[in-house]
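Single-structure report; data block below.
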Amino acid sequence: MPDLLITPGSLLDRIRRKVRQLAGRPDPSPWVLYPHRPAAARGRIDFVIALDYMTMNGGMIDQLHRAMSRYGLSTLLVNRQNVDRVLRLARLGRIRPAVFLDLCSTRNDPYEQLLHTLADQGVHTLRDPSQTKWIVKASAHRLLQPHVPVPPTVVFAKEEADRDLTVAERELLGDRVAIKPSCGGAGRGVRLNVEPTLQNIADARAQDRSDDWLVQRMMPFVMLGDRIGYFRLYNVLGHLNVMWWSPSDHHYATFTWADLDRYRLWPLLGIAHRIAQITRMEYFSVEAAYTGEEGPHRLCLIDYVNDQCDMDAFNPGCPPPEWTAWVCERLALRTYQVKHRIAVEEQCSVTLAGAPPVALRDLPMDIDADLANRADAKIFGSERT
Ligand SMILES: Nc1ncnc2c1ncn2[C@@H]1O[C@H](COP(=O)(O)OP(=O)(O)O)[C@@H](O)[C@H]1O
Ligand SMILES: [Mg+2]
């Protein structure tokens, strides 16, 4: 049955690709990963990954394939070449992997439909459709605000007319704001460091009237040593993890236990842990900034919950390949556990810079420090949503 799912390039197609590669003009169109042989022979697909920007992520797919193979697990890559076919077969109940990871869906596209179809059939999807509210910035803002520091924000619902901010809102947001769409991604539609005028708000919203928009206080990012105080926080299947990330050139750098101590950054772990607890999402990243302010906004969440984490490898501006390999290992282990119904102990740990994991409860520091005042939610953001 699996051969129904796969569109192997013909011999001619493979020769054509090889020639183009040798000529220095590689074919950028997506290709399909064959399930690992022995499992394919039994007609079983264990892990399905939806990813539609293959050439950039070729290195990661290779790492994933290797990690899965070590557990004897097969992987099917879903991309534009086979998504309709896979969706059709999933609807017929003819494809039922242990785990599905969606790294490319947008609203109501076939990948999103695949996610829903597989989840309905009891497949372990690494973002349950019921968790969609966490990846939509407007609802995430409202739901996260009582628990973690977020930028003061005014949300314009899509049905709301353009208008000036009220005096109170203007006071809350300050003179410089970020304006961003609720369902954005990869910086699409984001306007930074603009004045919160009616004109600027209207211009931004004109880009997409079908979405809600957030108008946020522009948070400062302060240098820590020779790095910008900006981070990607991850929950990778129960492991909290932090990476330095530069919002200007999108470069990642490894974050160490020494960094955590040197700059008193343990509340970053508190933020990531709370989000993991509240959302129950097994795999996500968020962005947080060191603002240099004292008090509850010293460390502040900037981008809310991303379920489609960047796992590109071996390219400039991507997470280090060791990191991606580590994530692939975790995905493979979890797929093995789900496939064989091995109970997973609910315990959170911190894994930094490839060092062995440390259980959260064994940490010597107070990871909730600086979040202590959160009971007064108003300090974190506006009440309007
Ligand atoms: N309130 C803010 N203050 C300062 N910078 C911001 C703010 N919101 C967004 N940014 C900057 O804009 C970038 C893109 O915004 P983000 O919310 O991450 O949207 P996307 O989901 O498209 O990545 C962020 O990485 C950050 O550098
Ligand atoms: Mg972002």
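Every number for a ligand or one of its atoms is a count from 1 in the order of the listing. On a predicted model such as this, the values are computed, not experimentally measured, just so you know.
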Legend entry - Sub-4.0 Å heavy-atom contact, Tyr304 with ligand 1: no
Inset, instruction - Any atoms of ligand 1 less than 4.0 Å from a non-hydrogen atom of Tyr230? List them with their elements. - result: 24 (C), 25 (O), 26 (C), 27 (O)
Inset, instruction - Please work out which of Val190, Ile302, Leu173, Leu301 has its closest non-hydrogen atom nearest to atom 15 (O) of ligand 1. - result: Val190
Legend entry - Heavy atom of the protein closest to atom 18 (O) of ligand 1 (residue, atom name, distance): Asp303 OD2, 2.9 Å
Legend entry - Ala186 contact mode with ligand 1 (heavy-atom cut-off under 4.0 Å): backbone
Inset, instruction - Check Asp303 and report its N/O/S atom nearest to the Mg ion (ligand 2), by atom name. - result: OD2
Inset, instruction - Would you name the N/O/S atom of Glu287 that lies closest to the Mg ion (ligand 2)? - result: OE2
Legend entry - Arg163 vs Glu169, salt bridge (Lys or Arg N to Asp or Glu O under 4.0 Å): CA-CA, chis, key distance, verdict: CA-CA 12 Å; Arg163 59 171 180 80; Glu169 287 169 341; 3.0 Å; yes
Inset, instruction - Apply the side-chain contact (heavy atoms from CB on, under 4.5 Å) test between Phe100 and each candidate in Leu76, Thr117, Leu115, Ile49; give the one that qualifies. - result: Leu115
Legend entry - Residue and atom name of the nearest protein heavy atom (relative to atom 5 (N) of ligand 1), distance in Å to one decimal: Phe221 CZ, 3.3 Å
Legend entry - Check: Leu77 and Leu51 side chains under 4.5 Å, non-hydrogen atoms: yes
Inset, instruction - Kindly state if atom 13 (C) of ligand 1 has a protein heavy atom within a strict 4.0 Å cut-off, that is, under 4.0 Å? - result: no
Inset, instruction - Show which atoms of ligand 1 fall inside a sub-4.0 Å distance from at least one heavy-atom site of Gly187. - result: 20 (P), 22 (O), 23 (O)
Inset, instruction - Flag the pair Trp323 / Tyr234 as yes when their ring centroid distance falls below 6.0 Å, and as no otherwise. - result: yes
Inset, instruction - Check whether any side-chain heavy atom of Thr125 lies under 4.5 Å from a side-chain heavy atom of Asp102, and answer yes or no. - result: no
Inset, instruction - Ignoring hydrogens, just give me the one of Leu192, Val286, Thr291 whose non-hydrogen atom is nearest atom 10 (N) of ligand 1. - result: Leu192
Inset, instruction - Check for a donor-acceptor pair, side chain of Arg217 on one end and backbone N or O of Val177 on the other, with a separation under 3.5 Å. - result: no
Inset, instruction - Give the numbers and elements of all ligand 1 atoms closer than 4.0 Å to a heavy atom of Trp245. - result: 25 (O)
Inset, instruction - Tell me which protein heavy atom sits closest to atom 25 (O) of ligand 1, plus the residue, atom name and distance to 0.1 Å. - result: Glu287 OE1, 2.7 Å
Inset, instruction - Please could you name the atoms of ligand 1 that Pro247 approaches to less than 4.0 Å, counting only its heavy atoms? - result: 27 (O)
Legend entry - ligand 1 versus Arg217: contacting region, heavy-atom distance under 4.0 Å: backbone
Inset, instruction - Look at the side chain of Arg274 and the backbone N and O of His147, then say whether any donor-acceptor pair between them is shorter than 3.5 Å. - result: yes
Legend entry - Polar side-chain atom of Arg176 near backbone of Asn193 as donor-acceptor pair, under 3.5 Å: yes
Legend entry - Shortest reach to atom 3 (N) of ligand 1 by a heavy atom, considering only Gln216, Lys137, Arg191, Met219: Met219
Inset, instruction - Pick, from Lys180, Arg176, Arg188, the option with the minimum heavy-atom distance to atom 17 (O) of ligand 1. - result: Lys180
Inset, instruction - Kindly say whether the aromatic ring centers of His251 and Trp245 come within a distance under 6.0 Å. - result: no
Legend entry - Side chain Glu287, main chain Phe231, donor-acceptor under 3.5 Å: no
Legend entry - Atom indices of ligand 1 within 4.0 angstrom of Ala178 heavy atoms, with elements: 1 (N), 2 (C), 7 (C), 8 (N)
Inset, instruction - Assert yes or no for the condition that the ring centre distance of Phe156 to Trp213 is strictly below 6.0 Å. - result: no
